[in-house]
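Quick notes on the structure that follows.
One is the number of the first residue; the rest follow in order along the sequence.
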Amino acid sequence: MAKKIYSILLLVSLGLGYYLYSVRESLSNVILIVTSGVLFTLLSMGIHGLIAHSLNPNVKGGIILYPILMGILWAFLFFLFVFFVLPIFCPDFMLKL
């Protein structure tokens, strides 16, 4: 049951991302950034949930590598979001350093 929920969450985030991409011209940059951030969170939760529920609970509890791999996966997804997805959604948005 949990795999179905996380699969639905993953599909909903991808579908809403595609919809947001198609209507991006009519929305402001702030709305695009906040909405895409929420969609990134849903996507991350869906991927993490699918991977977490695919592992055997006996194996998952005994490995220290699992949290490290989840952290690396999240960092990779965040890198893709910040440097590839945000520039596509908001090409005029520049971060002030």
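- Following chains of ILVMFWY side-chain contacts shorter than 4.5 Å, one cannot reach V30 starting from V23, and the two form parts of different hydrophobic clusters.
- Transitive grouping of hydrophobic side chains (ILVMFWY, heavy atoms separated by less than 4.5 Å) brings F83 and L77 into a common cluster.
- The CD1 atom of I72 lies 14.5 Å from the CZ atom of F79; values are rounded to the nearest 0.5 Å.
- For the atom pair F78 CZ and T41 OG1, the distance stands at 9.5 Å (nearest 0.5 Å).
- Within the model, atoms NE2 of H48 and CG of L9 stand 12.5 Å from one another, a figure rounded to the nearest 0.5 Å.
- Linking ILVMFWY residues whenever their side-chain heavy atoms come closer than 4.5 Å, directly or via other members, places L10 and F76 in the same cluster.
- Heavy-atom minimum distance, P87 versus F81: CD-O, 4.5 Å.
- With values rounded to the nearest 0.5 angstrom, L73 atom CG is found 5.0 Å from I51 atom CD1.
- Annotation: the span from L16 atom CG to T35 atom OG1 amounts to 9.5 Å, rounded to 0.5 Å.
- V34 and I31 fall into different hydrophobic clusters, defined by Ile, Leu, Val, Met, Phe, Trp and Tyr side-chain heavy atoms under 4.5 Å apart, directly or through other members.
- Here the closest heavy-atom approach between residue L39 and residue S13 is recorded as O-CB, 3.9 Å.
- Between atom CD1 of residue I8 and atom CG of residue L42 there is a gap of 13.0 Å, rounded to the nearest 0.5 Å.
- Under the 4.5 Å side-chain heavy-atom criterion for Ile, Leu, Val, Met, Phe, Trp and Tyr, L11 and I5 are members of distinct hydrophobic clusters.
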